[in-house]
Amino acid sequence: MGSSPSPDIYIPEQWSEAADSILYSSMPPIAFICGAKNCGKTTFSRHLLNVLLPTYKKVAYFDTDVGQPEFTPPGCLSLTVVDKVTPDLTIPCLKTPERCLFFGDVSSKRDPSAYLNYVFAIYDYYRKKYCIFDKGENPTRIELPLIVNTPGWVKGVGYDVLVDMLKYIRPTNVVKISISTVSKNLPAGEFWLDGEHDGPVNLIEINSARQDSLNRSVLVQKDASLLRDLRIMAYFRQCFSSDSNISTIKELAHSLASHCPYEVPITSIKIQHLHCEVPSSEIFYSLNASIVGLAVDSEVPGNLPWCLGLGIVRGIDTVKHVLYVITPVPHSSLEKVNLLLQGYIQIPTCLLQVQGCVSPYFSANALTSS
């Protein structure tokens, strides 16, 4: 029988059986969820997370969908270790990831090669930390289950990227969700294999279902652009305590505009623009009033910089050589930040339309980060 984990979400029997087959596999699974846009990948992934948690207590969730991430703001790839069931699948929830990379865009289309490098880097971290290596008969033993949620771009270059991800990750279970428009679906069967397969894989093919026979909703309906803005606003709402009297977008805009920023010495950080070249004379103009990734630049050549969170560059004082940054990242973590990453993630327009309050670029009484 199907189940109803949330007041407005109904999980059909086919989906429940798919999740159970992963739960009862012989080892902690690495489950790879794929399919076209709006087929229900995120809903199924979160349902699977809830199914696995009672048995494994902790489950790693690898989110590779930079446009619609589950636990972080847009533009990020992340690995989050989850230890609590989410009762209501209709409510997006922000979590602090264990590892995060700021890609700086809502799609991998601008730079698929860089995107794949980000995917491989986070998966390598997972394997190093949560897989035990033994040169005996069992070379790798998985200690923590992994759910990999993927983007809905599955045609053209998007298909090639997905195939590369599958070949690199080599999941134990692949859940392929199909929609009614056949031309938009992934090919039938184990489409990513080309004879170089070194282990069994449990391929589960299920159908997307927007409503069941009783007209109960199966998927969380999404407006991609609106959801991204809401996620960004929810993220920066964390700059304030949960009991702060901020319940509307207007109140959040006013609160952020008058919030005391961190004062970051320009000499203490490097600035990197993702996916584009910016003339040195234009760097500060491009940074002002932008969202940046707050990262720790690796001292190891070739290693990507881990991102500790996002910030809004609220103003730049070129005379004092400081940046004014608003962020919910705690001060203890900010002390590690030595790199600002700028991509194409924009401040929601509604947060810029502030009237009758302190200017968003007013820098008096700034809190120094040193």
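What's counted below: heavy atoms across the whole structure, side chains too, no hydrogens, waters or symmetry copies. Because the structure is a prediction, the values reported are computed rather than measured.
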Could you walk me through whether Asp63 and Thr80 pass the side chain to side chain contact (heavy atoms under 4.5 Å, CB included) test, one step at a time?
CA-CA 8 Å; Asp63 203 334; Thr80 304; over 6 Å; no
Side-chain (Ser78) to main-chain (Pro97) donor-acceptor, under 3.5 angstrom
no
Contact check, side chains of Val59 and Leu48, non-hydrogen atoms, under 4.5 Å
no
What I'd like to find out is whether the side chain of Met27 reaches to under 4.5 Å of the side chain of Pro145, using heavy atoms alone.
no
Considering residues at least two apart in sequence or located in another chain, which fulfil the side-chain contact (heavy atoms from CB on, under 4.5 Å) criterion with Ser286?
His273, Val278, Gln342
Side-chain (Tyr115) to main-chain (Thr64) donor-acceptor, under 3.5 angstrom:
yes
Phe240 backbone acceptor or donor facing Ser244 side chain under 3.5 Å
no
Looking at side-chain heavy atoms only, is the closest gap between Val319 and His321 below 4.5 Å?
no
Does any donor atom in the side chain of Ser255 or Glu251 lie under 3.5 Å from an acceptor atom in the other side chain?
no
For Arg110, is there an ion pair with Asp105 - N to carboxylate O distance below 4.0 angstrom?
yes
Could you check whether any side-chain heavy atom of Leu144 comes within less than 4.5 Å of a side-chain heavy atom of Lys58, counting everything from C-beta outward?
yes
Can you check whether Gly35's main-chain N or O pairs, donor with acceptor, with Lys41's side chain at less than 3.5 Å?
yes
Can the ring centroids of Tyr61 and Phe71 be said to lie less than 6.0 angstrom from one another?
yes
Between Lys270 and Asp297, does any side-chain N to carboxylate O distance fall below 4.0 Å?
yes
Can Glu98 and Lys129 be counted as an ion pair, charged N to O under 4.0 angstrom?
yes
Flag the pair Val175 / Phe44 as yes when at least one side-chain heavy-atom distance between them is below 4.5 Å, and no otherwise.
yes
Are there over 12 heavy-atom neighbours, none belonging to Lys84, within less than 6.0 Å of that residue's NZ?
no
Answer with yes or no whether the side chains of Ser268 and Asn338 bring together a donor and an acceptor at under 3.5 Å.
no
Is Val313 reachable from Tyr285 through a run of I, L, V, M, F, W or Y residues, each pair having side-chain heavy atoms under 4.5 Å apart?
no
Does Lys109 make a cation-pi contact with Trp153, if we ask for NZ or CZ under 6.0 Å from the ring centre and within 45° of the axis?
yes
Do you know which of Phe120, Phe32, Tyr118 makes ring pair (Phe, Tyr, Trp, His ring centres under 6.0 Å) with Tyr168?
Phe120
Any donor-acceptor N/O pair, Ser333 side chain to Val329 backbone, under 3.5 Å:
no
Are any side-chain N or O atoms of Asn185 and backbone N or O atoms of Ile179, one a donor and one an acceptor, separated by less than 3.5 Å?
yes
Any donor and acceptor pair, going by atom type alone, linking the side chain of Lys155 with main-chain N or O of Ser183 inside 3.5 Å?
yes
Would you check if the side chain of Ser298 reaches a backbone N or O of Leu304 as a donor-acceptor pair within less than 3.5 Å?
no
Shortest non-hydrogen pair, Lys184 vs Ala36, comes out as O-CB, 3.5 Å
Looking only at atom types and distance, does a side-chain atom of Tyr235 sit under 3.5 Å from a main-chain N or O of Leu310, one as donor and one as acceptor?
yes
